[in-house]
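Working notes, beginning with the structure itself.
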Amino acid sequence: MDYKQPMRLSRYFLPILRETPKEAEIVSHRLMLRAGMIRQEAAGIYAWLPLGLRVLQKVAQIVREEMDRAGAIELLMPTLQLADLWRESGRYEAYGPEMLRIKDRHQRELLYGPTNEDMITEIFRAYVRSYRDLPKILYHIQWKFRDEQRPRFGVMRGREFLMKDAYSFDFDEASARLSYNRMFVAYLRIFARMGLRAIPMRAETGPIGGDLSHEFIILAETGESGVFCHADVLNLPVPPETTDYDSDLSAIIKEWTSLYAATEDVHDEARFERETPEEKRIHTRGIEVGQVFYFGEKYSKPMQSLIAGPDGVDRPFQGGSYGVGVSRLVGALIEANHDEQGIIWPEAVAPFKIGLANLKVGDAATDKACADLFAALQKAGVEVLYDDTDERPGGKFARLDLIGLPYQIIVGPKGLAEGKVELKTRATGARESLDPAEVLARLAAA
RNA sequence: CGGGGUAUAGCGCAGUCUGGUAGCGCGGAAGUUUUGGGUACUUCAGGUCGCAGGUUCGAAUCCUGCUGCCCCGACCA
């Protein structure tokens, strides 16, 4: 997808719903349906329409950039996996009905992958034998399927979902902890870049297993689990882009994990009260958007992925896995950024930066002013959606507010009579009457 | 997986109790009008009433079975 390609609304595919579909209960689901981002094809299974896809891919791209920055290497594993692979790790029977099991024409047993620890271990085992090749962190961004008993909340808890999962390979535990720390720091940056405050919380390790784990959680009333934390954890500094991932990151980890923060599953009320002054105690709900695990030899041992050490002795590698719910994040972002009128996208993930509204299509002056602005924005490489439809102003305003582009440039005969266009900032609602050149200077710069 | 709902036009709904071959609003098309926060009016198009059986002269409506979807709970990125 070429994001910079400017788009005319009259040629785009943006099926806006004026009324709320009744099946949508929470706000992000309602808005995604209304804004023409997704269409449900089955319970927990969605088609991503053009506007939704743009956001999904932007989220994925931020994840990708931060993973790369932290030294992880991208690959791509298939969605379908052989059941035998999972038998080898002992998880085929353990996983339960959540796993979608299917057979091919030869009656070979396959499954639609709910995660990829087994497969990445198989790949790694095939090629890596020496401690000298470690450490490594491999990741991919791929669709997963978990046959939830009860999918709900739109893309926040779908059955099919897009996930980034990374896997670390280390020779010893000390090194594995460093990999864990790298991913931890990368996660802090990923969510911060999307304008989200994600808090790492101690959590249960779940069916994947392991002995060290944090969930990254966004506080939201509509979240699926209860959380407890110290208020100050909301204001900790996010590691900068210049963070050296080859350095010892433990100071950052310590800073982010010393204040109390836990999900209800592992919550210890006595400890919470001991460690947190009453006025700093937060008890609310949260949306899990990422999780990091260290699980040691859980897969390398049963699957016999052995690494020769300096002493010539083979040992199972020390593993960790690190997930980010990419499609879920799109829902979470809306939960965190909306108002009565619709979505308010953070600029980093907005489907377009600007909505350019021609209030009187067919009027020579507004047409020309819009065409000039459109061309200039295109030239400046700014992502712009030009509403060139022959529709009433009210409808255009409502639609732009609904889809939540960060800026609206409103061009109508009234303002143009004085040589002005209006610049509206979606987040604040602020409207300014400016020369077209001023608007350009403002929006093309940032 | 337990409990509760629901299924009628693209979307939101009425009609079902009391059987007589389907209607309203929004949206769509054509037109007049209007033009800075979803303008008003006129006309038009669009539905084998979730599916399969059954009862009946006749079924959206009554009976049986099935399926999809939603909500609460348990469970989960």
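Letters A, B, ... mirror the listed sequences (proteins, then strands); counts begin at 1.
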Between [N] and [M], how far is it from one [atom1] atom to the other, in whole Å?
N: B/rG20; M: B/rU16; atom1: C1'; value: 14 Å
N: B/rC49; M: B/rU61; atom1: C1'; value: 10 Å
N: B/rU48; M: B/rG36; atom1: C1'; value: 47 Å
N: B/rC11; M: B/rG2; atom1: P; value: 30 Å
N: B/rA22; M: B/rG65; atom1: P; value: 30 Å
N: B/rU35; M: B/rA40; atom1: P; value: 14 Å
N: B/rC62; M: B/rC17; atom1: C1'; value: 11 Å
N: B/rU67; M: B/rG25; atom1: P; value: 38 Å

cation_pi(A/Arg182, A/Tyr245) dist<6.0 Å, angle<=45: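 The answer is no; the distance or angle limit is not met.
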Of the listed nucleotides [options], the one nearest the side chain of [X]:
X: A/Glu148; options: B/rC75, B/rG36, B/rA7; value: B/rC75
X: A/Glu98; options: B/rC76, B/rG38, B/rU6; value: B/rC76
X: A/Glu391; options: B/rC76, B/rC70, B/rG38; value: B/rG38
X: A/Lys414; options: B/rC69, B/rG36, B/rA77; value: B/rG36
X: A/Lys22; options: B/rU6, B/rA77, B/rG37; value: B/rU6

Donor-acceptor contact present, side-chain A/Arg189 to main-chain A/Pro239, <3.5 Å: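 Present.
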Under 3.5 Å for both donor-acceptor distances, Watson-Crick or wobble: does [N] have a partner, and if so which one?
N: B/rC13; value: B/rG23
N: B/rC49; value: none
N: B/rU42; value: B/rA30
N: B/rG73; value: B/rC1
N: B/rU35; value: none

Does [X] reach a base, just sugar-phosphate, or nothing at all? Heavy atoms under 4.0 Å.
X: A/Ala43; answer: sugar-phosphate
X: A/Ala42; answer: sugar-phosphate
X: A/Arg34; answer: base
X: A/Ser327; answer: nothing
X: A/Gly158; answer: base
X: A/Arg157; answer: base
X: A/Gly395; answer: base

Cut-off 3.5 Å, no hydrogens considered: what does the side-chain donor-acceptor table look like for residues 327-335 of chain A, sequence neighbours left out?
from	atom 1	to	atom 2	distance (Å)
A/Ser327	OG	A/Leu162	N	2.8
A/Arg328	NE	A/Met156	O	2.8
A/Arg328	NH1	A/Glu224	OE2	2.9
A/Arg328	NH1	A/Glu288	O	2.7
A/Arg328	NH2	A/Met156	O	3.0
A/Arg328	NH2	A/Glu224	OE2	3.2
A/Glu335	OE1	A/Thr222	OG1	2.6
A/Glu335	OE2	A/Ser28	N	2.9
A/Glu335	OE2	A/Ser28	OG	2.8

[X] [atom1] to [N] [atom2], straight-line distance once rounded to whole Å:
X: A/Leu359; N: B/rU39; atom1: CG; atom2: P; value: 13 Å
X: A/Gln149; N: B/rC71; atom1: CD; atom2: P; value: 15 Å
X: A/Phe216; N: B/rA77; atom1: CZ; atom2: C1'; value: 14 Å
X: A/Asp165; N: B/rA77; atom1: CG; atom2: C1'; value: 10 Å
X: A/Glu25; N: B/rC69; atom1: CD; atom2: P; value: 17 Å
X: A/Tyr46; N: B/rC69; atom1: OH; atom2: P; value: 10 Å
X: A/Tyr167; N: B/rA77; atom1: OH; atom2: P; value: 13 Å
X: A/Phe145; N: B/rA77; atom1: CZ; atom2: P; value: 16 Å

Taking all atoms of both residues into account, what is the closest heavy-atom pair of [X] and [Y], and its distance?
X: A/Asp147; Y: A/Pro97; value: CB-O, 3.8 Å
X: A/Leu188; Y: A/Ala198; value: CD2-O, 4.5 Å
X: A/Gly223; Y: A/Ile287; value: CA-CG1, 3.7 Å

Record whether the side chain of [X] comes under 3.5 Å of the base of [N] through a donor-acceptor pair of N or O atoms.
X: A/Arg150; N: B/rC70; answer: no
X: A/Lys424; N: B/rG36; answer: no
X: A/Arg146; N: B/rC76; answer: no

Within 6.0 angstrom of A/Arg87 CZ, more than 12 heavy atoms from elsewhere: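 More than 12 heavy atoms, drawn from other residues, nucleotides or ligands, come within 6.0 Å of this atom.
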Whether A/Tyr180 and A/His214 hold their rings parallel, tilted or perpendicular, with breakpoints at 30° and 60°: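 Aromatic pair A/Tyr180/A/His214 classed tilted.
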Non-neighbouring partners of A/Phe228 that pass ring-ring contact (aromatic ring centres under 6.0 Å, His included), sequence neighbours left out: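 For A/Phe228, the residues satisfying ring-ring contact (aromatic ring centres under 6.0 Å, His included) (neighbours in sequence not counted) are A/His267, A/Phe272, A/His283.
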Any side-chain N or O of [X] under 4.0 Å from OP1/OP2 of [N]?
X: A/Arg392; N: B/rG38; result: no
X: A/Gln341; N: B/rG37; result: no
X: A/Arg152; N: B/rC72; result: yes

Protein proximity profile, nucleotides 22-27 of chain B - base contact B, sugar-phosphate-only contact S, no contact -, cut-off 4.0 Å on heavy atoms: ---BBS
Most 5' of A/Asp265 and A/Glu41 on RNA chain B, judged by nearest nucleotide: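 Looking at RNA chain B, the more 5' nearest nucleotide goes with A/Glu41.
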Residue closer to the 5' end of RNA chain B, A/Gln408 versus A/Met163 (nearest nucleotide):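 The residue mapped nearer the 5' terminus is A/Gln408.
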Donor-acceptor side-chain pairing of A/Asn358 and A/Tyr386 below 3.5 angstrom: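 Side chains of A/Asn358 and A/Tyr386: pair found under 3.5 Å.
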Pi stacking test for A/Phe397 and B/rG38: under 5.5 Å apart, planes under 30°: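 Taking the rule of under 5.5 Å and under 30°, the ring of A/Phe397 does not stack on B/rG38.
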side-chain contact (heavy atoms from CB on, under 4.5 Å) between A/Leu385 and A/Asp387, intermediate numbers included: CA-CA 6 Å; A/Leu385 178 64; A/Asp387 186 348; over 6 Å; no
